[in-house]
Amino acid sequence: MEKIISLCKRRGFIFPGSEIYGGLANSWDYGPLGVELKNNIKQEWWKMFVHRRNDIVGIDAALIMNSKVWEASGHIANFSDPLVECKKCHGRFREDQLNGECPSCGGKEFTKPKQFNLMLKTFLGPVEDEKSVVYFRPETAQAMFVDFDNVVNTTRKRLPFGIAQVGKAFRNEITPGNFIFRTREFEQMEIEYFIRKSEWEKWFKYWLDQMRNWLKHLGIKKWHEQEIPDNERAHYSKRTIDIEYDYPFGKKELYGLAYRGDFDLKNHNQIYMDPETQEKFTPHVIEPTWGVDRSVLVAMLEAYHEDDVDGEVRAVLKFPHWMAPYKVAVLPLSKKPELSKVAEEICQDLRQLFVCDYDETQSIGKRYRRQDEIGTPFCVTVDFDTLKDQAVTVRDRDTMKQDRIQIKELKSYLNGKLQ
Ligand code: GAP
């Protein structure tokens with residue numbers, strides 16, 4: 001973890017939030033490379049689950065919703081964790097995450113647990129009274145239930161179909177931590193898949209398979225599927241399987257799959273009418289949910305490798321090509337204007353197709369290392385021979401093999417490789 005956190009900071013993936021003012025506990029900013037990586041993950045997910053299917057449509061709802069949504073959803077009454085206070089140092093912890101001893105001072109006595117609601121509150125408008133209290137959404141899911149009628153009426157989708165959303169969620173976590181694993185502000189990618197009750201087992205299995213496909217696509221080789229027992233499931237769930245991952249800080253949740261029954265649509269009075277039989281009923285819901293920031297974290301952990309190259313350690317992020325922040329880096333061998341001119345032209349031309357970096361500082365060896373460390377799949381080097389033979393050297397991040405390619409064929413060569 002230390003290596004990943006330090007690489008993230010050094011290379012511009014993720015910075016501590018509000019750093020120049022001493023930071024804000026557990027808040028993180030995605031830098032120039034981090035935002036590309038995170039966007040690639042969100043866009044790939046959207047392509048896989050929305051654009052390439054006929055049965056799922058997307059929405060992008062407001063982060064702050066009418067408080068009645070959270071009453072109906074059960075979040076005001078139930079979305080809480082048991083909070084205890086250490087009697088010695090007054091540190092506050094989640095009771096279900098303690099092992100008998102205060103992690104700060106070793107104290108063994110705690111206050112009785114109080115249910116602490118995790119929703120983040122604020123006031124809307126100029127008057128700060130009870131009537132103006134609103135909540136930042138703790139999950140993106142509720143908007144898909146609240147907008148159910150609007151989506152059915154405007155898209156004419158028939159069961160089974162799904163609504164997808166990617167966006168921020170907020171939870172006033174008692175014990176955030178482990179870098180971007182648990183924060184108070186994070187992003188989710190969620191699908192609410194609406195089905196007939198009689199088919200829930202079939203669709204639960206189907207979505208578990210879809211989640212497995214996504215994990216493989218993300219480059220994850222090993223994960224655990226954990227059946228969550230009755231007494232540990234969220235208040236809305238009739239069956240939950242957590243996808244867990246072996247993080248350096250232990251085995252913990254990465255994604256989740258829940259059968260929410262008709263709990264939500266019923267509470268929001270949303271009814272479906274079968275257009276053929278005219279039968280009216282409340283659909284049931286299978287909900288696969290993915291944390292964006294946890295996806296970024298496991299993608300970095302899986303991609304990070306250290307190779308031995310001629311007795312030196314080479315740190316390399318072996319991202320799948322689709323995920324890499326930069327696809328290509330263009331590197332003139334020297335800063336001589338005649339090389340820079342050609343290299344800049346090549347880079348600008350490649351930018352029409354790929355996200356590219358241009359770098360002419362330091363030795364070529366150091367620049368290769370830098371690109372390896374940020375996971376750029378291909379480096380294009382422009383040298384003095386380029387001026388004579390109209391060709392460049394293309395170096396592959398993983399094999400470190402170099403090919404000499406004609407400039408006029410460069411785009412189609414890279415396009416083929418980056419598919
Ligand atoms: N709509 C269902 C739902 O919100 P959840 O298991 O509470 O279910 C879904 O959250 C996913 O959101 C988790 O599997 C995790 O990836 C991510 N997540 C939840 N809380 C988080 C936090 N505090 N920080 C970062 N990611 C979080």
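Order of listing sets the numbers, starting from 1, for every ligand and every atom in it.
Counting only N and O atoms by type, the side chains of Asp403 and Tyr413 include a donor and acceptor under 3.5 Å apart.
Salt bridge present: Lys108 and Glu101 bring a charged side-chain N and a carboxylate O closer than 4.0 Å.
Arg53 pairs by the salt bridge (Lys or Arg N to Asp or Glu O under 4.0 Å) definition with Asp55, not counting sequence neighbours.
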- Under the ring pair (Phe, Tyr, Trp, His ring centres under 6.0 Å) criterion, do Phe181 and Tyr247 qualify, and how do the steps go? CA-CA 9 Å; Phe181 173 78; Tyr247 300 90; 5.0 Å; yes
Check: residues 13-26 side-chain donor-acceptor pairs under 3.5 Å, at least two apart:
{"residue": "Glu19", "atom": "OE2", "partner": "Lys9", "partner atom": "NZ", "Å": "3.1"}

With a cut-off of 3.5 Å and sequence neighbours excluded, list every side-chain donor-acceptor pair involving residues 113-127.
{"residue": "Gln115", "atom": "OE1", "partner": "Ser80", "partner atom": "OG", "Å": "3.0"}
{"residue": "Asn117", "atom": "OD1", "partner": "Met119", "partner atom": "N", "Å": "2.8"}
{"residue": "Asn117", "atom": "ND2", "partner": "His75", "partner atom": "O", "Å": "3.1"}
{"residue": "Asn117", "atom": "ND2", "partner": "Ile76", "partner atom": "O", "Å": "3.0"}

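For ligand 1, residues of the protein lying within 4.0 angstrom by heavy-atom distance are Glu139, Ala141, Arg171, Glu173, Phe181, Arg182, Thr183, Phe186, Gln188, Glu190, Tyr236, Glu253, Leu254, Tyr255, Gly256, Arg260, Glu287, Thr289, Gly291, Arg294.
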